Amino acid sequence: MVSRLRAWLSHENVSKDLLLLLLIGGLYSLGIFLSSTFVNIYLWKQSNSYTDIALYNLSIYVLQPLTFIFAGKCAKHIDRVIVLRTGVIVLSLFFLTVLIVGENAAKFNIMLGALLGVGYGFYWLAYNVLTFEITEPDTRDFFNGFLGVLQSLGGMTGPLLAGFIISRLNNFTGYTVIFAVSFGLFIVAVLVSFGLSRRKAKGNFSFRRIISERKNNLNWKRILNAHVSQGFREGTFLFAVSIWIFLMTRNELSLGFFNLVYSGFSFLFYFLVTRLVKPRRRKKAIFIAGLSLYLSVLILLVSKSMALLLLYGAIAGIFFPLLYVPYISLTYDVIGKSWNAGEMRIEYIVVRELFLNLGRVLSIIVFLLAIVFITPETGIPYILLLVGGGHFLIYFFIKDIDTNVVPSSHN
């Protein structure tokens, strides 16, 4: 089977492990996109509480970086494949737990968020490290490109299929069906992971040393500040937009169509940006994209029809790739030029995740404090305007980064 797939892809030098890692990534994407958008709606329909939704997401963003630290330490002492498998198993347990608690899920919102955060932490730490180790310079573009295709397909089909199923079945039956399917997909991913070759671990875990490297490396300090800013928008937007669209349309299928439009444009523009945005144009692209994404929040706030919501989805689908492609490349350039990057790559990934989730946690704390003093229906537009500037502020943190300079470091 692997040899046939390799021949079909016309990449004879593509390894079995690379193809299996792609398959795991595809199963993960479909499973997550199928259900994650609707977990927030599922909890909302049970509790009608913005606080419950915010606490669910807050527990994700608190446990995810803490798990990243623990998983990073594990990855330096045990097989990376075991760390990946642990993440997939915990994610499957999340969906199994949602199925078990059913219509009482809102009562266990913090526990469910913590479980999902732990799963994300183990999975993404191991997946990032394995991607670095399994791919080679001549296969890395192929891997990232094909994984992007799988993620985009999952983003286009998953929410739409889930929205269709939920809208056609009574009460919470549709949610039960999609959570069960996601659980099954993660079980398959666990089984596939047994085909990966063992990856021996070595070295000491020194993530505190990489945090303190900010004192010696201004580029590293700037990119970490940018990640806090990135997280400040994402923390609230990752759940508030879905709730906002559902409250306006009262239809899960509409949310599926929104994600179809967003993912469709993302699929096209990830392809274009990768080829058009050269290193010398990265900062300009980040500025334009960040400003456009901030201005697009105004469309979301005045939307009174599905057409305007879809317009917002299309604009987001265009400018998120224009932001993230050069921004992620710049981040890895900074890491690659930083002190002892080869040996400490796990620690750099962990610290980056820590600062990203710090921004997400701050965002949700702002949201929770705001709805104490202002009714959510009145306050949410102002909250979105406040945190929505996070991606625009990224530019002002990265504008002075110079990746041609190798910073000095002191042990």
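Quick caveat, the model's predicted, so the values are computed rather than measured.
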- Item | Single hit among Gln230, Lys399, Arg233 for side chain to side chain contact (heavy atoms under 4.5 Å, CB included) with Ile394 | Gln230

Cation-pi check, [X] onto [Y] ring (under 6.0 Å, within 45° of axis):
X	Y	result
Arg352	Trp220	no
Arg345	Tyr348	no
Arg282	Tyr327	no

Is a donor from one side chain sitting under 3.5 angstrom from an acceptor on the other, for [X] and [Y]?
X	Y	value
Asn219	Asp333	no
Ser242	Asn40	no
Gln64	Glu353	yes

- Message: Before you tell me yes or no, could you show the steps for Val350 and Glu347 under side-chain contact (heavy atoms from CB on, under 4.5 Å), namely the whole-Å CA-CA distance, both residues' side-chain angles and the distance that decides it to 0.1 Å?
- Response: CA-CA 5 Å; Val350 168; Glu347 286 85 345; 5.6 Å; no

[X] side-chain N/O to [Y] backbone N/O, donor-acceptor pair under 3.5 Å:
X	Y	result
Arg209	Ser206	no
Ser338	Ala341	no
Asn109	Ala105	no
Tyr294	Leu385	yes
Arg80	Ala75	yes
Asp17	Ser197	yes
Ser363	Thr236	yes
Gln46	Gly102	yes
Thr86	Ile82	yes

Of all the heavy-atom pairs spanning [X] and [Y], show the shortest one and how long it is.
X	Y	result
Leu150	Leu22	CD1-O, 3.5 Å
Asn251	Ser167	OD1-CB, 4.1 Å
Pro65	Leu354	CB-CD1, 3.8 Å
Ala162	Phe38	CB-CE1, 3.5 Å

Atom [atom1] of [X] with >12 non-hydrogen neighbours under 6.0 angstrom:
X	atom1	answer
Lys283	NZ	yes
Phe396	CZ	yes
Tyr324	OH	yes
Phe164	CZ	no
Phe355	CZ	yes

- Task: Check the pair Tyr395, Phe287 against ring-ring contact (aromatic ring centres under 6.0 Å, His included), reporting the backbone distance first and the verdict last.
- Result: CA-CA 5 Å; Tyr395 170 78; Phe287 175 80; 5.0 Å; yes

- Message: Apply ring-ring contact (aromatic ring centres under 6.0 Å, His included) to residues Phe232 and His391 and explain how you reach the verdict.
- Response: CA-CA 8 Å; Phe232 191 65; His391 282 156; over 10 Å; no

- With ring-ring contact (aromatic ring centres under 6.0 Å, His included) as the test, would you mind laying out the steps for Phe239 and Phe367 before giving the verdict? CA-CA 11 Å; Phe239 72 90; Phe367 179 88; 5.3 Å; yes

- Task: Classify the ring geometry between Phe207 and Phe205 as parallel (under 30°), tilted (30 to 60°) or perpendicular (over 60°).
- Result: parallel

- Message: Strictly below 4.0 Å, N to O, side chains only: are Glu213 and Arg208 in salt-bridge contact?
- Response: no

- Message: Pair Phe179, Tyr42 - check ring-ring contact (aromatic ring centres under 6.0 Å, His included), show working.
- Response: CA-CA 11 Å; Phe179 295 150; Tyr42 188 60; 5.1 Å; yes

- Query: Picking from Tyr127, Phe33, Trp124, what satisfies ring-ring contact (aromatic ring centres under 6.0 Å, His included) with Tyr28?
  - Reply: Trp124

